[in-house]
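Written out below as structure tokens is the structure these notes cover.
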Number of protein chains: 4
Amino acid sequence: MSDTRRGRARSEAVRRAILEATRDELAANGYDKLSIDRIAAAAGAGKQTVYRWYPSKSALVAECVLDGYGFPATGPVPNTGAIRRDLRDWLGAFADHLAQPQSAALIRASTAAAAESDDVALRFYDHVTAASEDALTARLRDAAPAARPASATAAAEALVGAMLYRLLVRQPATPQFLDSLVDTVLSGIQGTGGTDSTGTQAPQSHT
Amino acid sequence: MSDTRRGRARSEAVRRAILEATRDELAANGYDKLSIDRIAAAAGAGKQTVYRWYPSKSALVAECVLDGYGFPATGPVPNTGAIRRDLRDWLGAFADHLAQPQSAALIRASTAAAAESDDVALRFYDHVTAASEDALTARLRDAAPAARPASATAAAEALVGAMLYRLLVRQPATPQFLDSLVDTVLSGIQGTGGTDSTGTQAPQSHT
Amino acid sequence: MSDTRRGRARSEAVRRAILEATRDELAANGYDKLSIDRIAAAAGAGKQTVYRWYPSKSALVAECVLDGYGFPATGPVPNTGAIRRDLRDWLGAFADHLAQPQSAALIRASTAAAAESDDVALRFYDHVTAASEDALTARLRDAAPAARPASATAAAEALVGAMLYRLLVRQPATPQFLDSLVDTVLSGIQGTGGTDSTGTQAPQSHT
Amino acid sequence: MSDTRRGRARSEAVRRAILEATRDELAANGYDKLSIDRIAAAAGAGKQTVYRWYPSKSALVAECVLDGYGFPATGPVPNTGAIRRDLRDWLGAFADHLAQPQSAALIRASTAAAAESDDVALRFYDHVTAASEDALTARLRDAAPAARPASATAAAEALVGAMLYRLLVRQPATPQFLDSLVDTVLSGIQGTGGTDSTGTQAPQSHT
DNA sequence: AGGTAATCGAGACGGTACGTCCAGTCTTTGT
DNA sequence: ACAAAGACTGGACGTACCGTCTCGATTACCT
């Protein structure tokens with residue numbers, strides 16, 4: 001009873017070459033114009049080899065961007081004691097990464113891939129939300145132990161959503177924008193404060 | 001010196017038929033598998049006529065979703081006096097729209113189109129951010145005249161970004177999520193409060 | 001009771017412009033790539049006007065080449081008393097005309113048109129065979145009153161057929177070829193002479 | 001240094017299917033209305049495969065008619081000792097072939113193809129003239145060893161030219177016409193005889 | 001050492017869609 | 001009524017890719 005496979009072993013080197021070629025093609029031409037033929041040619045591989053590793057264009061892109069090149073590692077939020085500055089720095093690092101044209105192209109490509117494929121969408125969600133929510137939750141737990149977990153999710157997705165939205169619509173995430181974003185998420189809309197004299201304090205259910 | 005156009009007039013009826021066929025195709029197959037051939041056939045039009053109106057797949061989709069069918073009109077935020085409830089209702093109406101599978105497909109398609117094309121991305125931004133920011137700004141002005149304009153933009157994009165992100169990654173915008181989102185945007189992350197004893201109050205410049 | 005047509009009269013000038021544009025297009029691109037759009041544009045005419053005069057591409061080409069430009073008038077065979085030289089000169093003049101690249105292109109185009117359309121084929125036959133047979137018959141009647149009419153037809157079509165065949169297959173009608181052709185038609189294949197010691201003199205019926 | 005071809009071998013079966021589909025299409029619709037789309041569909045092949053084998057409509061038709069179906073093999077002229085009857089039989093067999101509507105359509109198509117393309121024209125010439133000239137020369141050598149080679153070419157092209165001309169202009173090659181043609185080529189125009197009392201015996205140079 | 005089997009580059013295969021061009025018709029305005 | 005202009009449906013063009021299949025040539029394991 002043996003699980004060692006017979007025949008020639010699959011080459012990791014070829015797989016890497018395919019991912020690199022994919023990354024280059026994505027940065028140059030975007031998701032829509034991605035061509036398996038071109039990728040295979042650029043990687044010096046046969047088309048069949050590409051399909052052996054990745055069954056579809058979207059799977060290839062997901063692998064490339066999420067587990068290979070392109071998406072930032074989303075490290076932990078730093079903890080200097082000053083939460084506003086820490087959050088701002090963390091978000092700024094993310095913005096700096098998105099400001100590189102090549103990274104922007106890769107992430108836009110992965111959003112297009114996620115729009116097409118449910119599988120990729122879920123991988124995208126798992127990779128992005130989980131990481132950023134964890135980072136945020138960990139930092140907030142230090143600053144405010146009473147924070148409810150749902151708030152961290154909402155805040156994480158508001159931050160990530162706003163950043164990706166800006167990327168999608170080609171608006172730069174300026175320092176001013178990042179400041180306003182951090183302020184909003186930490187303190188609520190300026191001027192409304194944390195209280196609502198006319199509304200109900202408890203969240204209302206809808207739908 | 002004449003501005004009268006010679007030749008047969010361009011048919012608005014055909015244009016509408018093209019947009020309707022596009023809408024149906026998008027809902028059925030998604031952006032990637034959209035075929036101009038099929039759209040033209042379904043609209044009873046020649047391919048050339050489609051290209052006469054819209055130079056590319058992305059332009060067609062943008063017109064279809066933004067100025068035709070699919071994207072909610074993003075009306076004004078209601079003003080019952082209770083801002084939290086008003087905002088929650090406004091967002092809930094948006095979420096209800098996105099919960100319809102057909103609408104979800106159309107909007108995912110338009111995000112894919114925006115990812116492909118700078119032009120479409122800007123039209124998307126103009127249509128979505130401007131409308132939601134205006135609605136939000138108008139409502140906040142009533143509630144808190146002192147709010148800075150930048151906050152409205154950040155808040156609007158945080159809300160819209162979070163909603164679109166959820167749509168993209170196939171996560172339903174549950175009532176609980178909407179509640180948390182409204183709370184965060186109105187009051188900041190629960191537990192951190194409106195003050196930050198350790199951070200600087202004034203926003204820091206970054207990058 | 002009036003036979004004057006109401007409205008604007010059809011313009012002969014436009015018709016001529018159309019034929020000239022057709023001639024130029026044929027010489028430049030050949031029959032296959034002929035485009036009514038281009039012809040109309042070059043003639044400064046609307047497409048409808050072209051179709052009003054000529055219902056099809058082949059009719060237009062027939063009119064252009066046969067009754068307009070391109071095909072030689074096929075005048076009478078000269079009569080200097082020396083029939084061989086007269087026939088040779090007549091054929092030489094035809095060959096000279098076909099040697100011009102533009103004329104060659106026009107006639108090749110008309111053969112392509114004849115291959116496509118029965119109508120054009122018959123017009124072609126009427127124009128070409130009748131004229132050359134008449135010319136040949138008239139000359140032969142002077143030289144040999146006993147000649148049977150069928151011979152003139154066969155000889156005319158052998159000559160015309162050989163010339164068009166050479167044109168079709170891009171072989172120049174060299175002086176040597178013309179000499180051999182005239183010899184063959186006037187005297188039979190060299191060396192076989194006018195008698196056939198082993199065959200029957202009277203033509204045999206076949207089929 | 002290797003001449004082994006890599007990749008999947010090209011399928012002769014597909015090539016044959018393409019030629020058969022072409023033959024059927026040509027017989028049914030003629031050269032002008034020939035559609036590569038339809039041919040590929042009828043052959044159960046992709047368009048690209050058709051283009052891989054034949055770069056253009058005219059090349060495809062040439063291959064189909066000349067080296068495939070349609071053009072008679074132009075066998076040797078029979079030798080029963082009676083040259084007139086032999087030649088008449090040979091030509092009659094050719095005429096019989098052209099009398100079939102389907103064959104007529106194929107050959108008309110190949111003349112249209114030759115009119116379009118220099119390449120096809122030369123292939124046509126090589127296939128037709130060479131074969132008929134060889135057949136004729138071989139037979140004449142037996143009957144009249146003194147015949148000059150140039151005569152055989154002229155005679156062959158006069159015969160072939162006349163036959164193709166009749167085909168082009170939709171005139172049947174009647175037995176009477178064939179008789180006259182054979183007489184003309186063997187003995188010269190009836191009534192002029194083999195001598196020319198008023199002309200020069202030696203061919204004149206022209207042009 | 002010699003089979004056996006999976007993988008490799010290469011590229012032909014049946015298809016689908018592309019974006020362009022043209023045929024032939026129809027509509028609009030101008031003459 | 002005719003003419004130019006030009007939009008319309010329809011359909012073929014030749015190209016580019018898709019995903020599959022078939023080659024000969026490599027590797028690797030397994031007798």
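Sequence lines set the chain letters: A, B, ... in the order given, protein chains first and strands last, and positions in each chain run from 1.
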Between Glu63(C) and Arg15(C), is the closest basic N to carboxylate O distance under 4.0 Å?
yes
For dA6(E), does either OP1 or OP2 sit under 4.0 Å from a side-chain N or O belonging to Arg10(A)?
no
Of the listed nucleotides (dC18(F), dA5(E), dG6(F)), which one gets closest to any side-chain atom of Asp37(A)?
dC18(F)
Touch class at under 4.0 angstrom, heavy-atom based, for Ala40(C) against every strand present:
nothing
Expressed in angstrom and rounded to an integer, what is the separation of Leu60(D) atom CG from dC13(F) atom P?
11 Å
Measuring only between side-chain heavy atoms, which start at C-beta, is Leu19(D) closer than 4.5 Å to Tyr54(D)?
yes
For a quick test of reading the model: is some side-chain N or O of Arg38(C) closer than 4.0 Å to OP1 or OP2 of dC22(E)?
yes
Between atom CD in Glu12(D) and atom C1' in dA12(E), what is the gap in whole Å?
13 Å
Base, sugar-phosphate or nothing for Ile39(A)? Non-hydrogen atoms, less than 4.0 Å.
nothing
Tell me: CZ of Arg6(A) to C1' of dC30(F), nearest whole Å?
5 Å
Could you give the CD1-to-C1' distance, from Ile18(B) to dT9(F), as a whole number of Å?
11 Å
dC8(F) P sits how many Å from Arg16(B) CZ, rounded?
13 Å
Of Arg8(D) and Ser11(B), whose nearest nucleotide on DNA chain F comes first from the 5' end?
Ser11(B)
If you check the Val14(B) side chain, which of dG14(E), dT9(F), dC13(F) turns out closest?
dT9(F)
Indicate yes or no: at least one non-hydrogen side-chain atom of Tyr51(A) is less than 4.5 angstrom from one of Ser56(A).
no
Answer yes or no: are there more than 12 heavy-atom neighbours, outside Asp24(B) itself, under 6.0 Å from its atom CG?
yes
With a 4.0 Å heavy-atom cut-off, tell me which residues in residues 48-58 of chain A come close to DNA chain E, sorted by residue number.
Thr49(A), Arg52(A)
Return the value, rounded to whole Å, for the distance between atom NZ of Lys47(B) and atom P of dA23(E).
18 Å
Pairwise side-chain contact, Tyr31(D) with Asp32(C), heavy-atom cut-off 4.5 Å (strictly under)
yes
Euclidean distance, atom NZ of residue Lys33(A) to atom C1' of dA17(E) [Å, nearest integer]
16 Å
For the residue pair Val50(D) and Thr22(D), establish whether any side-chain heavy-atom pair is separated by less than 4.5 Å.
no
State, yes or no, whether a side-chain contact exists between Glu25(A) and Glu20(A) at a heavy-atom distance under 4.5 Å.
no
Pick the closest DNA chain E nucleotide for Ala41(D) and for Leu34(B) by heavy atoms, then say which residue is nearer the 5' end.
Ala41(D)
Between Ile36(D) and Ile36(A), which has a closest nucleotide on DNA chain F that is more 5'?
Ile36(D)
Find out whether Lys47(D) and Arg52(D) are in side-chain contact, i.e. whether some heavy atom of one side chain is under 4.5 Å from a heavy atom of the other.
no
Kindly say if Ser35(D) contacts the phosphate of dC13(F), meaning a side-chain N or O under 4.0 Å from OP1 or OP2.
yes
For Asp32(A) and dC17(F), what is the distance between atoms CG and P respectively, to the nearest whole Å?
12 Å
